[in-house]
Amino acid sequence: MSKVRVRIAPSPTGSLHVGTARTALFNWLFARKEGGKFLLRIEDTDRERSKPEFERDIIEGLQWLGLDWDEPIVYQSQRLELYRQEAQRLLEMGKAYPCFCPPEELERRRQEMLAKGITPKYDRRCRRLSPEERERLMKEGRPFVLRFAMPLEGEIRFRDIIRGEIRFANRELDDFIIVKSDGFPTYNFACVVDDHAMGITHVIRGEDHISNTPRQLHLYAALGYEPPQFAHLPLLLGPDRSKLSKRHGAVSLSEYRRMGILPEAMVNFLALLGWYPRDQREIKSREELIAEFDLREVKASGAIFDLEKLLWMNGHYIRQKPVDELAHFLVPYFAEQGWLHNPPTDEEWRYLIQVTPLVQERMRTLQEAVELAEFFYREPESYDEKARARLSKEGVAELLWELSNRLERLEGFDGEEVERTVRQLAAERGIKAAEVIHPTRAALTGRMEGPSLFHLMAVLGKERCVGRLRRAVAWLRSGAESAAT
RNA sequence: GGCCCCGUCGUCUAGCCCGGUCAGGACGCUGGCCUCUCAAGCCAGAGGUCGCGGGUUCAAAUCCCGCCGGGGCCA
């Protein structure tokens, strides 16, 4: 029985793209579903562009999503000898040949073909070199690349798990380079050698690789490898339906992580980009996703990355969180504002655990909690437009002044007691409770919307409430009423 | 330009293989309920010539042909 082995093979030339994360997720889901292995290979053969910080970002991103790999990470930069051997084999079999054409010369010929209106392709002139000429040029020490000797006729076809049969005429494929002049393998070549060496059974990757597949298939055949199965995932698109890229906004997984997207929300959301559960229930745990995922059900058309839906889903998972767990997640965000230490002191933690439930049902990202909770940590520096308008109404200053006095005299300061005080004041004045509640909220938070007033007052405590009310009164009496209207 | 892939509400999609439920669900949007506001939650609603044209058929989103549009890769 052949056990499934899949892999994700990112290049550390940039931070982990959400598209790559989605590809990783589908590979991982498939492996877990089939009881196979999920592997990680770092394609770091591009010396200049590969950076350790990108590698770290990729590894951390995958770990954050919970996409664990089953064997040690494979680094292409450590397998140069293997590529060299396999290239040598192809050379000896006559399935690859050295090409001495200088890059400038190639470019010149390309321009020429372009000018003539023909598809630019390598003219294979070095393929026709006699053994003696090759020998001579080698001896001269002329730099060369290794090219694959593509069959001149026929066609290559393969069965894509998602798209069905795909075929390419060999004459459309040219003698692509497999080893660069510096001795480094090209993407297609290293990829095939590694996938074979790693025993990869299913190559699940982005649709943008479809045109690489016929070349790779020829390589498999030439090297005598058994080819894997292929599944080309639909691309992740921006709002304009072009491939999702930087100009569309955030594309790095780490950016979403920083704005406070939860990993379970990201996993759930990403899983729904190109695949859909049979029962049409979209909220799925990791275990459910594994159990229900089926590669054959993946759609073939591209999917726009809809941030609004991600935010909704994230909000859903946030509301699902136990308060103390969510509070833990908020610590770094609040610490960044200087509101508490990281880790928080006991007192800070007790306060945080009271604040958290009051922002929980309103936040869609962890970052949003900062704005929502600000008034719990800082006295509002100003009142927003609506709050100012509400405060400036007739009699508000006197009303708030009276409320502050009554609150000050309170023994305790829990939600019920505060509520009783507010409602009683309203009753005595013959006005609706809302007539007291709204300006009070404005004075305490600087806004007209937010958590239940009595709850937030209980959390703020007597001192802060009384102080803020009185400062609002002072502000009103100093002539703000006329200034505001 | 060449090759390849794709095309169902604004978006993610179910249905297409095995023609025949008012083309279903979700996000978003609108309204209502709840209510001290916002949010959440619950309920309701609007939104789709199934890319277009033709053919097959009693019947086509679904099968066949052509076209158009979008995208990807190579340049």
Side-chain angles (χ1 to χ4, degrees), chain A residues 106-107 110-111 113-122 155-158 160 162-174 176 188 206-215 232-244 268-284 296-316 318-320 357-364 368 372 386-387 390 418-419 422-423 426 432-442 444-445 447-457:
Chain A
L106 253 19
E107 181 54 29
R110 170 172 302 134
Q111 292 305 330
M113 286 186 268
L114 234 37
K116 281 190 205 151
I118 29 179
T119 311
K121 233 182 314 175
Y122 178 58
E155 65 167 18
I156 185 119
R157 55 174 74 180
F158 65 99
D160 187 280
I162 294 166
R163 286 151 219 275
E165 186 174 274
I166 299 178
R167 51 216 290 185
F168 288 84
N170 289 159
R171 46 173 309 208
E172 303 293 343
L173 278 15
D174 65 355
F176 63 95
N188 279 133
E207 186 187 344
D208 46 348
H209 284 290
I210 288 182
S211 50
N212 282 322
T213 308
R215 292 174 237 283
H232 288 94
L233 266 24
L235 252 27
L236 253 39
L237 275 25
D240 63 353
R241 302 211 76 90
S242 69
K243 190 160 86 165
L244 187 66
N268 196 159
F269 175 71
L270 253 21
L272 261 31
L273 257 27
W275 176 79
Y276 207 69
R278 294 200 141 278
D279 64 5
Q280 303 197 27
R281 283 185 48 249
E282 299 191 338
I283 300 291
K284 297 277 182 198
R296 290 165 305 187
E297 293 173 354
V298 174
K299 268 201 72 146
S301 55
I304 292 178
F305 187 94
D306 183 7
L307 182 61
E308 276 302 317
K309 187 151 184 176
L310 206 212
L311 293 176
W312 162 76
M313 195 171 271
N314 201 53
H316 170 86
I318 283 173
R319 274 169 254 126
Q320 219 81 84
L358 299 189
V359 296
Q360 184 166 20
E361 57 194 21
R362 266 157 275 265
M363 54 195 278
R364 297 190 299 173
E368 279 179 3
L372 293 168
K386 285 179 190 164
R390 191 63 188 82
V418 170
E419 177 162 9
V422 169
R423 289 197 189 281
K432 283 192 279 187
E435 296 292 310
V436 183
I437 289 169
H438 293 313
T440 303
R441 173 191 304 285
L444 295 179
T445 72
R447 311 171 202 171
M448 291 308 292
E449 65 285 321
S452 156
L453 182 73
F454 309 125
H455 288 149
L456 79 84
M457 285 177 77

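Residue numbers start from 1 in every chain, and the chains themselves are labelled A, B, ... in the order their sequence lines are given, proteins ahead of strands. Not measured: the values here are computed from a predicted model.
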Between the base of G71(B) and the side chain of E207(A), is there any donor-acceptor pair under 3.5 Å?
no

Ignoring hydrogens and geometry beyond distance, is the side chain of K121(A) in donor-acceptor contact with the base of A75(B) at under 3.5 Å?
no

What string of B, S and - do you get for nucleotides 34-39 of chain B 5' to 3' if you count protein non-hydrogen atoms under 4.0 Å?
--BBBB

Output the single nucleotide from [options] whose closest atom is nearest the side chain of [X].
| X | options | answer |
| --- | --- | --- |
| D306(A) | C6(B), U11(B), A26(B) | U11(B) |
| D208(A) | U13(B), C73(B), A26(B) | C73(B) |
| E172(A) | C12(B), C3(B), C5(B) | C3(B) |
| Q280(A) | C12(B), C6(B), A14(B) | A14(B) |

Residue matched to [N] through Watson-Crick or wobble contacts both under 3.5 angstrom:
| N | result |
| --- | --- |
| C38(B) | none |
| U57(B) | none |
| U11(B) | A26(B) |
| U21(B) | none |
| G1(B) | C74(B) |

Tell me: [atom1] of [X] to [atom2] of [N], nearest whole Å?
| X | N | atom1 | atom2 | result |
| --- | --- | --- | --- | --- |
| I304(A) | G71(B) | CD1 | P | 11 Å |
| F269(A) | C12(B) | CZ | C1' | 8 Å |
| M313(A) | C12(B) | CE | C1' | 9 Å |

Which parts of residues 270-279 of chain A get close to RNA chain B, meaning a heavy atom less than 4.0 angstrom away?
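The answer is L272(A), L273(A), G274(A), Y276(A).
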
For [X], report the nucleic acid contact type (base, sugar-phosphate, nothing); a contact means any heavy atom under 4.0 Å.
| X | answer |
| --- | --- |
| R167(A) | sugar-phosphate |
| R447(A) | nothing |
| E308(A) | sugar-phosphate |

Evaluate the salt bridge (charged side-chain N to carboxylate O under 4.0 Å, His left out) criterion for residues R110(A) and E107(A): first the C-alpha distance (whole Å), next the side-chain angles of each, then the deciding distance (0.1 Å), finally the verdict.
CA-CA 5 Å; R110(A) 170 172 302 134; E107(A) 181 54 29; 3.0 Å; yes

Are any non-hydrogen side-chain atoms of W275(A) and E297(A) less than 4.5 angstrom apart?
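In contact.
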
Taking all heavy atoms of I162(A) and all of H232(A), pick out the closest pair and write down the distance.
CD1-O, 3.5 Å

Between F305(A) and F269(A), is the ring centre distance below 6.0 Å?
yes

Decide, yes or no, whether a salt bridge links E172(A) with R167(A) under the criterion of side-chain N to carboxylate O below 4.0 Å.
no

